J.: 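I have a structure I would like to understand better, so I am pasting it below and will then ask my questions one at a time.
As a basis for the values below, the full set of heavy atoms in this structure was taken, side chains included, without hydrogen atoms, waters or symmetry mates. No experiment lies behind these values; they were computed from the predicted model shown. In the text below, chain A, chain B and the rest are named by the order of the sequence lines, each starting its count at 1.
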Protein chains: 2
Amino acid sequence: MKLTSKGRYAVMALADLARFDNISPVSLRDISLRQGISLDYLEQIFSKLRKKEIVQSVRGTQGGYILNRKAREIKLTNIFDAVDEKVKTLQCKKESKKGCNGKSTKCLTHNLWDELENHINNFFDKKSLDDLVKSNFERKF
Amino acid sequence: MKLTSKGRYAVMALADLARFDNISPVSLRDISLRQGISLDYLEQIFSKLRKKEIVQSVRGTQGGYILNRKAREIKLTNIFDAVDEKVKTLQCKKESKKGCNGKSTKCLTHNLWDELENHINNFFDKKSLDDLVKSNFERKF
DNA sequence: GGAATACTTGACTATTTTAGTCAAGTTTAT
DNA sequence: ATAAACTTGACTAAAATAGTCAAGTATTCC
């Protein structure tokens, strides 16, 4: 399974962004400073988020990024998808002779990983950016 | 998150083993052939499983491994633990200035990863080796 | 219109992890 | 005694990760 800091950073940055949504664009520089994430790395991440239409960029002075949809409508699944964090738990041995083709000759544990994958995706499908922000509402930044 | 083929192999091998439990020890060579896993790699994995008392070794000719507990009592959590597959989703930035110490100043997404971890562990805690074998009962090997 | 701010893109890389291999044993049944 | 099988530890090629670096382009504000 793949779930690394690129995904975490994306979620952290968007949670940060969501707090200012509808007020003004947030610059990556600000996010970088607040969340302690390298600016260059954030640029990579936001480039992907923009392509998947999760955020919009606002150019020029006082520019930055804003959410392209309501925080409530952005599920964590969408975010992970955008930055190529696949919640693929494990693929069965590729091209194995003994192997698993997913159809007639499933490997012993094939169904298990399928179930797990559903289990995890289910979790991410339910959580929205809004949920994150709300659960941190009382915090100081 | 870490969930790689070492964990998958461990589960596959033990599922294979579980089918012959109480009949006779199963040699790693047989498992290697049936499951298409390198013998040397299996040895590494079983060394860990033995140390965590999930399997017992039987030395000598006709030797091999047997389960140390009933298949029903071996949860997937136990297996992953044994082979060092941590279901640690993500740790928050280590020693960050802005960072998350897990206590007073939790990072924005800290609770999220906690929840996810529980969600996944919950899944693995419920699944036993026996469940796996049973759900594959009709298969030919 | 020019400076400053901020987004945009693409190439590059050190480090770490993964998934093994290789070598040299020890133990035990027959 | 010999072969089967477990046991241990060191080593490594390849891939993935987590970035950095460089060179832009676009826009706003003064």
J.: How close or far is atom P of C/dT5 from atom CG of A/Asp30, stated in whole angstroms?
T.: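 About 12 Å, once rounded to whole Å.
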J.: Return the nearest nucleotide to the side chain of B/Leu28; candidates are C/dT21, D/dC6, D/dC21.
T.: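 When the side chain of B/Leu28 is considered, D/dC6 is the closest of C/dT21, D/dC6, D/dC21.
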J.: Measure from CZ on B/Arg8 to P on C/dT18 and round the result to the nearest Å.
T.: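 Going from CZ in B/Arg8 over to P in C/dT18 covers 14 Å.
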J.: Starting at the 5' end of nucleotides 23-30 of chain D, put B wherever the base has a protein heavy atom under 4.0 Å, S where only the sugar-phosphate does, and a dash everywhere else.
T.: --BBBB--
J.: Expressed as a whole number of angstroms, how long is the span from B/Ile45:CD1 to C/dG20:C1'?
T.: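 My rounded result for the distance is 10 Å.
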J.: Please state whether the phosphate of C/dG20, meaning OP1 or OP2, lies under 4.0 angstrom from any side-chain nitrogen or oxygen of B/Tyr9.
T.: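 Answer yes for this pair, as a side-chain N or O of B/Tyr9 is under 4.0 Å from OP1 or OP2.
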J.: In whole Å, what is the span from the CG atom of B/Leu42 to the C1' atom of C/dA19?
T.: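 Atom-to-atom, B/Leu42 to C/dA19, this comes out as 12 Å.
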J.: What string of B, S and - do you get for nucleotides 10-15 of chain D, 5' to 3', when a contact is any protein heavy atom under 4.0 Å?
T.: B-----
J.: A/Arg29 or A/Ser47: which one's nearest nucleotide on DNA chain C is closer to the 5' end?
T.: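 So the residue in question is A/Arg29.
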J.: Please, which pairs that meet ring-ring contact (aromatic ring centres under 6.0 Å, His included) have at least one residue in residues 34-57 of chain A, sequence neighbours excluded?
T.: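 Every pair satisfying ring-ring contact (aromatic ring centres under 6.0 Å, His included) with a residue in residues 34-57 of chain A: A/Tyr9-A/Tyr41, A/Phe46-A/Tyr65.
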J.: For B/Tyr65, which contact category applies under a 4.0 Å heavy-atom criterion: base, sugar-phosphate, or nothing?
T.: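 Here B/Tyr65 touches the backbone only, sparing every base.
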J.: Roughly how many Å is it from CG in B/Leu39 to P in D/dC6, rounded to a whole number?
T.: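 After rounding, the gap between these two atoms is 8 Å.
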